[in-house]
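For reference, the structure discussed in these notes is given below.
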There are 2 protein chains.
Amino acid sequence: MDQVELFKALSNKTRLQILAWLKEPETSFPGQAEHAGFEDGVCVGQIQLKSGLTQSTVSEYLAILQRAGLVQSTRKGQWTYYKRNEAAFEQLSKLILSDV
Amino acid sequence: MDQVELFKALSNKTRLQILAWLKEPETSFPGQAEHAGFEDGVCVGQIQLKSGLTQSTVSEYLAILQRAGLVQSTRKGQWTYYKRNEAAFEQLSKLILSDV
DNA sequence: AAGATATATCGGAATTTCCCGATATACCAA
DNA sequence: TTGGTATATCGGGAAATTCCGATATATCTT
């Protein structure tokens with residue numbers, strides 16, 4: 001896990017916001033309940049709607065978070081669902097104390 | 001404390017390296033023993049020597065780390081000494097779990 | 001197969017970061 | 001005061017990031 005890549009992923013207001021939303025998917029993205037559950041997280045379209053950014057930007061940002069290991073994705077049909085990888089945050093929290 | 005600014009400060013290999021060196025100033029900067037102790041940390045010149053970067057870059061990088069609250073400086077005569085602010089790292093470690 | 005929908009990728013303009021050399025400022029010593 | 005040393009700040013070229021619109025790909029529906 002590259003530390004610089006990890007911190008760069010977190011160095012953006014929008015990406016931090018997305019991570020915060022993904023902490024409580026049901027309340028942050030009530031719209032998704034109409035076509036899916038939340039077991040695998042939230043689909044890109046829902047995040048795009050809430051963020052107000054373009055689809056391409058949101059897709060790119062989610063890819064950055066995933067490359068850093070902070071979220072994981074699941075493809076289901078034409079949807080890709082993203083959810084937080086909580087283990088990564090716990091690792092990071094410890095890494096701050098031991099490695100940085 | 002601005003989270004984005006904090007993570008940006010950590011998003012650079014050289015700055016992470018400086019922070020690592022400052023964890024063990026005596027062993028990382030033995031050269032400083034010749035003109036000063038380590039109570040207040042390490043002076044800019046020592047860090048510059050070890051990093052191989054220019055003086056202006058190192059000074060700038062230390063300022064970035066200080067603005068983020070990760071280090072604190074003490075001016076003594078013509079020297080400025082920098083040392084880690086360990087409390088900030090503990091805060092950050094907790095912040096990762098609660099806020100991010 | 002053709003059209004519709006969801007997401008990913010590409011190309012790029014604007015902004016920021018990286019790191020430099022030059023210069024300014026602060027302090028010390030003679 | 002003059003000169004030397006340590007650090008900070010300024011201006012800038014190169015590279016990276018931000019976010020966009022356009023396009024490609026994958027999947028579903030009919």
Side-chain angles (χ1 to χ4, degrees), chain A residues 2-19 22 29 31-32 34-38 40-68 70-83, chain B residues 2-19 22 29 31-32 34-38 40-68 70-83:
Chain A
D2 178 7
Q3 285 182 229
V4 172
E5 190 183 0
L6 197 43
F7 289 126
K8 277 189 179 174
L10 293 169
S11 296
N12 176 278
K13 199 156 193 161
T14 301
R15 290 194 294 268
L16 287 177
Q17 179 66 79
I18 291 173
L19 289 172
L22 289 178
F29 304 97
Q32 172 159 313
E34 290 163 27
H35 85 279
F38 293 93
D40 296 312
V42 181
C43 68
V44 180
Q46 290 290 317
I47 299 171
Q48 193 224 320
L49 271 179
K50 182 134 183 162
S51 71
L53 297 176
T54 62
Q55 186 272 321
S56 62
T57 298
V58 172
S59 178
E60 169 79 6
Y61 279 10
L62 289 168
I64 289 171
L65 292 173
Q66 182 166 37
R67 262 179 258 130
L70 296 168
V71 302
Q72 60 192 65
S73 70
T74 308
R75 181 96 195 195
K76 284 225 172 140
Q78 42 194 334
W79 289 276
T80 308
Y81 298 91
Y82 285 88
K83 70 173 182 183
Chain B
D2 177 7
Q3 286 182 227
V4 172
E5 190 182 1
L6 196 44
F7 290 126
K8 277 188 180 174
L10 294 169
S11 297
N12 176 277
K13 198 154 195 162
T14 301
R15 289 193 295 268
L16 287 177
Q17 180 66 78
I18 291 173
L19 290 173
L22 290 178
F29 304 97
Q32 172 159 312
E34 289 163 27
H35 85 277
F38 293 94
D40 296 313
V42 181
C43 69
V44 181
Q46 290 291 318
I47 299 171
Q48 194 224 320
L49 271 180
K50 182 136 185 161
S51 71
L53 296 177
T54 62
Q55 187 272 322
S56 61
T57 297
V58 172
S59 178
E60 170 76 8
Y61 279 10
L62 289 168
I64 289 172
L65 291 173
Q66 183 166 38
R67 273 192 297 266
L70 297 169
V71 301
Q72 60 193 63
S73 70
T74 309
R75 181 96 195 195
K76 285 226 171 139
Q78 42 194 336
W79 290 276
T80 307
Y81 297 92
Y82 285 89
K83 69 173 182 184

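All chains are named by letter (A, B, ...) in the order of the sequence lines, taking the proteins before the strands, and each is independently numbered beginning at 1. Keep in mind that the numbers below use all heavy atoms, side chains included, and drop hydrogens, waters and symmetry copies.
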(request) Go through residues 50-64 of chain B and report each residue with a non-hydrogen atom lying under 4.0 Å from DNA chain D, sorted by number. (result) B:Q55, B:S56, B:S59

(request) Let me know, please, whether A:S11 or A:W79 comes out on the 5' side of the other along DNA chain D by nearest nucleotide. (result) A:S11

(message) Is there a side chain to side chain contact (heavy atoms under 4.5 Å, CB included) between B:N12 and A:V4? Walk through the geometry before answering.
(response) CA-CA 6 Å; B:N12 176 277; A:V4 172; 6.0 Å; no

(request) Say whether, by atom type as modelled, one donor and one acceptor occur between the side chain of B:Q32 and the main chain of B:Q46 under 3.5 angstrom. (result) no

(message) Pick the closest DNA chain C nucleotide for A:S73 and for A:Q78 by heavy atoms, then say which residue is nearer the 5' end.
(response) A:Q78

(message) Reading DNA chain D from 5' to 3', where do the contacts with chain B start and stop? Cut-off is 4.0 Å to heavy atoms.
(response) D:dG4 to D:dT9

(message) Counting only side-chain nitrogens and oxygens, does B:N12 get under 4.0 Å of the OP1 or OP2 atom of C:dC19?
(response) yes

(request) Provide the closest heavy-atom pair for A:Y82 versus A:V71 in the form atom of the first, atom of the second, distance. (result) CD2-CG2, 3.8 Å

(request) State whether a side-chain donor-acceptor pair under 3.5 Å links B:S56 with B:S59. (result) no

(request) Please state how far atom NZ in B:K13 lies from atom P in C:dC19, giving the value in whole angstrom units. (result) 11 Å

(message) Just so I know, are the side chains of B:L6 and B:L70 near enough to count as touching, which here means a heavy-atom distance under 4.5 Å?
(response) yes

(message) Can you tell me which residue among B:R75, B:K83, B:K76 is in a salt bridge (charged side-chain N to carboxylate O under 4.0 Å, His left out) with B:D40?
(response) B:K76

(request) Would you kindly say whether B:S73 and B:T80 are connected by a side-chain donor-acceptor distance under 3.5 Å? (result) no

(request) Look at the aromatic rings of A:F7 and B:F7 and report parallel, tilted or perpendicular, splitting at 30° and 60°. (result) parallel

(request) Scan B:Y81 against the nucleic acid and name what it touches under 4.0 Å (heavy atoms): base, sugar-phosphate only, or nothing. (result) nothing

